[in-house]
Amino acid sequence: MSETGLRSGQVAAAAGVNPQTLRYYERRGLLPEPRRSLGGHRLYPDDAVTILRVIKAAQRLGFTLDEVEDLLEAGRHRHHGGSDVGLLARAAEKLAEVEAKIADLNAIRTTLTEAIAAGCDDLITCAASDCCPLPFVELALPSTRTNA
């Protein structure tokens with residue numbers, strides 16, 4: 001019996017992950033369970049490195065491991081005639097999420113820049129000031145609602 005394949009340490013090093021990450025992805029089903037050598041060592045196919053690199057790249061693009069798992073599963077089904085939503089639709093959704101986060105961060109940047117320009121140096125004093133640009137000013141004003 002041939003013992004060809006990459007061992008855990010080789011796969012982890014080639015993909016830039018640690019062996020614990022490799023095993024975690026295996027437990028989660030992101031990587032297929034490798035076959036074993038006669039000595040009991042895990043032997044991964046060459047494409048295991050590619051799969052790991054794809055997982056890490058997708059995470060850098062903002063996909064969670066659950067989303068990566070769905071993408072990998074959708075890709076497997078697509079190759080077998082499935083109709084799951086693939087990368088194109090999910091990438092568009094992720095892009096919309098990223099653009100919303102960027103808009104939120106820009107609003108935060110603007111507010112903090114205004115707070116610095118206004119000289120806000122004390123949260124309590126600033127909260128009581130009418131010229132404070134921080135959003136908690138509205139929260140600090142007395143409520144006109146009656147508490148039930």
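All figures in this text were calculated on a predicted structure; none of them were measured in a lab.
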Does the side-chain contact (heavy atoms from CB on, under 4.5 Å) test come out yes or no for Gln20 and Tyr25, once each step is laid out? CA-CA 9 Å; Gln20 291 80 16; Tyr25 290 170; over 6 Å; no

Ion pair check, Arg42 and Glu33, cut-off under 4.0 Å: no

Between CZ of Arg35 and NE2 of His41, what distance do you get to the nearest 0.5 Å? 13.0 Å

Is there a side-chain contact between Pro34 and Glu26, using heavy atoms and a 4.5 Å cut-off? yes

Return the CZ to CG distance between Arg7 and Leu22, rounded to the nearest 0.5 Å. 13.0 Å

Can you sort out the partners of Asp121 under salt bridge (Lys or Arg N to Asp or Glu O under 4.0 Å), two or more places apart, ordered by chain and number? none

Cluster overlap Leu71 with Val98, hydrophobic side-chain contacts below 4.5 Å: no

Quick one: closest heavy-atom pair of Pro19 and Ala12, and the distance? N-CB, 3.9 Å

Side chains of Glu69 and Leu65, heavy atoms from C-beta outward: is any pair under 4.5 Å? no

Does the Thr110 side chain pair with the main chain of Asn106, one donor and one acceptor, at a distance under 3.5 Å? yes

Could you tell me whether a side-chain N or O of Arg53 sits under 3.5 Å from a main-chain N or O of Ala14, the two making a donor and an acceptor? yes

Mind running salt bridge (charged side-chain N to carboxylate O under 4.0 Å, His left out) on Asp66 and Arg28 for me, showing each step along the way? CA-CA 9 Å; Asp66 287 338; Arg28 283 197 61 152; 2.5 Å; yes

For Glu99, which residues count as a salt bridge (Lys or Arg N to Asp or Glu O under 4.0 Å) partner, sequence neighbours excluded? none

Around atom CG of Leu88, are there more than 12 heavy atoms of other residues, nucleotides or ligands at under 6.0 Å? no

Rounded distance [0.5 Å steps], CG in Leu30 versus CD in Glu73: 10.0 Å

Are Phe63 and Leu95 joined in one hydrophobic group, where the rule is that I, L, V, M, F, W and Y side chains link up if heavy atoms are under 4.5 Å apart? no

Shared-cluster residues of Ile116, by chain and number - hydrophobic side chains joined below 4.5 Å: none

Reported CG-to-CZ distance for the pair Asp104 and Arg109, which is rounded to 0.5 angstrom: 13.0 Å

If you take all heavy atoms of Leu43 and Gly5, which pair is closest and at what distance? CD2-O, 4.1 Å

With a 3.5 Å distance limit and no angle check, can you tell me whether Asp47 reaches the backbone of Thr50 through a side-chain donor-acceptor pair? no

To the nearest 0.5 Å, atom CD1 of Ile51 lies from atom CG of Leu31 at 5.5 Å

side-chain contact (heavy atoms from CB on, under 4.5 Å) for Leu72 and Ile55? Distances and angles first, verdict last. CA-CA 9 Å; Leu72 291 173; Ile55 292 167; 4.1 Å; yes

Passes side-chain contact (heavy atoms from CB on, under 4.5 Å), Ser8 versus Arg23? Steps please. CA-CA 9 Å; Ser8 298; Arg23 287 193 182 52; 3.8 Å; yes

Given side chains that start at C-beta, do those of Lys94 and Leu61 come closer than 4.5 Å, heavy atoms only? no

Are Glu93 and Arg90 within salt-bridge range, i.e. N to O under 4.0 Å? no

